[in-house]
Amino acid sequence: MILPFQGKKEEKSPERTSYTNDGHSPSKGTNSSAESAKYHSHNYLLINKVFSLAESLGGVESLINHPATMTHGSVPKEDRERVGFEDNLLRLSVGVEDYEDLIADLENALKELN
Amino acid sequence: MKFGTKAIHAGANPDPSTGAIMTPIFQTSTYVQEAPGVNKGYGYGRGQNPTRDALQENIAALENGKHALCFSSGMAATDAVLRMLKPGDEVITGDDIYGGSYRLFVNMYEPMGIKFHFVDLTDAENIQPHITTNTKMIWVETPTNPTMQIVDIAACAEIAKAKDLLFVVDNTFASPYLQNPLDLGADIVMHSATKYLGGHSDVIMGALICNRDELFKKLYFILNSCGSNPGPMDSFLVMRGIKTLHLRMERHCFNGRKVAEYLKNHPKIDIVYWPGFPDHKNHEVAKRQMRDFGGMVSIVLKDKSIENTFKVASSFQVFSLAESLGGVESLINHPATMTHGSVPKEDRERVGVVDNMLRLSVGVEDYEDLIADLENALKELN
């Protein structure tokens, strides 16, 4: 799935937040969403809890990728822009988690945009 | 998070030193200390291992439990629970349990002075008459192995709670995808993680899950003192297997239903044991406490001879004749001589484990191939 990302341009090299407690499972989590939002206030990609920001695709776990700087970082800017992927494009490798958690994760991450 | 998401993500944090998305296999026996007793939370590999920790966190999340401990096998996990007992204590358990559990109870723990009552638990009321002042534990398997009886977990939990008994449920046959005994009042859930959790017939492991801190501490003390820990590579394999547990179970249930329904109408089959049939004794209980009916199906042939039963068991092309269950590949088992070989003939026949019984672990192959394979093997009978 290709998702045109309509927002401010991604510049920082992003990292994934750690698996956090959802409040239903008793697993030990450390980052509250408030903490991670604060920590990553200028990097809206980072608030994903289920999708991981990483190269590759096709695993059981959902991945999100920023083609312009990651998988297609070696394609010249003008070449990749000519075929339609600009800096605000994100690519999702949708995994086999529960789809409702994936949609909630997207919903939450997209709230970072004004 | 919902089940499928927990299966993939619970416990699986990216490695902090590299960002590796998959949990590394920490193949190490010991951990370097800065000063005696000053370490990073890991002292010695028997007691702690980061790969095992990740798996334990994952399994705890799947069973809606606070704590999980993994063991070198399902029997090691069962053994750890029994080690909490003292001579003179009594245990009430089912009359149709896994042969390995039966062997451990009767041949290892009875000589140490622990008494076991093997009771028909398809009616929880049968527990009451066996409770004495020495009763300490109720050990339940549901669905049972191999006759697929269903035990009412909530009803047993109520009895256990009223009498202050430790209530343990072996959840191996159902897997946490179908049934969560802690939510129904169990104190401890036991798994042979070798089966559905691992799911690929490539690893031996056991697990215990509980909520109470003091119970967890006791069990951890036993694990660490007795050295029944699993290895890091095995922990990784089970964790990897669990990532597809929800997908596999969905197909196991679908195929299990197809196979059970096919066999039910087969002229050479006398009985089909599968809790999904509306005429199964505890079908209503199964519907209440399980999300579906699983992939285990046992059959009794009309032909009573063990020779002909063996002939059928050896004639499959897709099903493999082997001990174990819960893997992606379909397995067929002859309980009387294989999984339940250590149960005396009169005891097993009383609960229906006869010489002409076969147990199927229906895998996730295409169900039409499985049915064709059964059709073909049953042609061996006249």
Side-chain angles (χ1 to χ4, degrees), chain A residues 12-33 35-36 39-40 43 45-66 69-71 92-109, chain B residues 1-23 41 50 53-68 176-177 180 182-183 189 199-200 209-213 216 239-251 291 364:
Chain A
K12 251 194 108 207
S13 170
E15 303 160 43
R16 183 194 190 276
T17 59
S18 63
Y19 171 81
T20 57
N21 196 340
D22 54 284
H24 301 291
S25 91
S27 325
K28 295 176 286 284
T30 46
N31 292 2
S32 75
S33 53
E35 275 172 341
S36 47
Y39 182 69
H40 304 299
N43 199 333
L45 281 184
L46 303 195
I47 65 161
N48 285 70
K49 303 292 198 301
V50 183
F51 281 88
S52 300
L53 180 66
E55 308 250 355
S56 195
L57 62 102
V60 289
E61 67 291 323
S62 294
L63 299 181
I64 194 158
N65 166 58
H66 183 242
T69 56
M70 296 166 67
T71 45
L92 312 181
S93 170
V94 181
V96 298
E97 298 96 339
D98 190 291
Y99 76 91
E100 293 182 55
D101 288 327
L102 297 179
I103 289 174
D105 200 28
L106 287 164
E107 177 86 23
N108 190 49
Chain B
M1 269 177 200
K2 297 189 188 255
F3 192 90
T5 312
K6 287 198 287 189
I8 293 169
H9 292 279
N13 301 309
D15 172 49
S17 64
T18 60
I21 192 165
M22 285 300 120
T23 308
D53 281 354
L55 172 64
Q56 289 175 164
E57 191 177 331
N58 179 280
I59 291 179
L62 294 186
E63 281 290 8
N64 300 328
K66 189 171 174 194
H67 305 288
Y177 176 83
N180 298 117
L182 293 180
D183 293 345
V189 170
H200 295 74
I209 307 96
C210 67
N211 277 321
R212 299 209 312 263
D213 294 346
F216 168 71
M239 188 135 176
R240 179 184 171 126
I242 287 176
K243 289 179 194 296
T244 53
L245 177 64
H246 55 305
L247 307 179
R248 289 184 283 108
M249 288 312 296
E250 211 176 287
R251 185 58 67 92
R291 296 179 188 94
V364 298

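Letters A, B, ... mirror the listed sequences (proteins, then strands); counts begin at 1.
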| message | Going by side chain to side chain donor-acceptor pair (under 3.5 Å), name the residues that satisfy it together with B:R291, two or more places apart in sequence or in a different chain. | response | B:N180
| task | With a 4.5 angstrom heavy-atom cut-off, could you sort out which part of A:L63 is near chain B: side chain, backbone, both or neither? | result | side chain
| note | Bottom line for A:E61: the part with an atom under 4.5 Å from chain B's heavy atoms is both
| query | Donor-acceptor pair, A:D101 side chain versus B:K2 backbone, under 3.5 Å? | reply | yes
| field | Any donor-acceptor pair under 3.5 Å from B:T5 side chain to A:D98 backbone | value | yes
| task | For the pair B:H9 and A:K49, evaluate side-chain contact (heavy atoms from CB on, under 4.5 Å) and give the outcome as yes or no after the intermediate values. | result | CA-CA 9 Å; B:H9 292 279; A:K49 303 292 198 301; over 6 Å; no
Contacts under 3.5 angstrom, residues 239-248 of chain B side chains, donor-acceptor by atom type, not counting sequence neighbours:
from, atom 1, to, atom 2, distance (Å)
B:K243, NZ, B:I8, O, 3.2
B:T244, OG1, B:G241, O, 3.2
B:T244, OG1, B:R248, NE, 3.1
B:H246, NE2, A:V96, O, 2.6
B:R248, NH1, B:Y196, O, 2.8
B:R248, NH2, B:Y196, O, 3.1
B:R248, NH2, B:L197, O, 3.2
B:R248, NH2, B:G241, O, 2.8

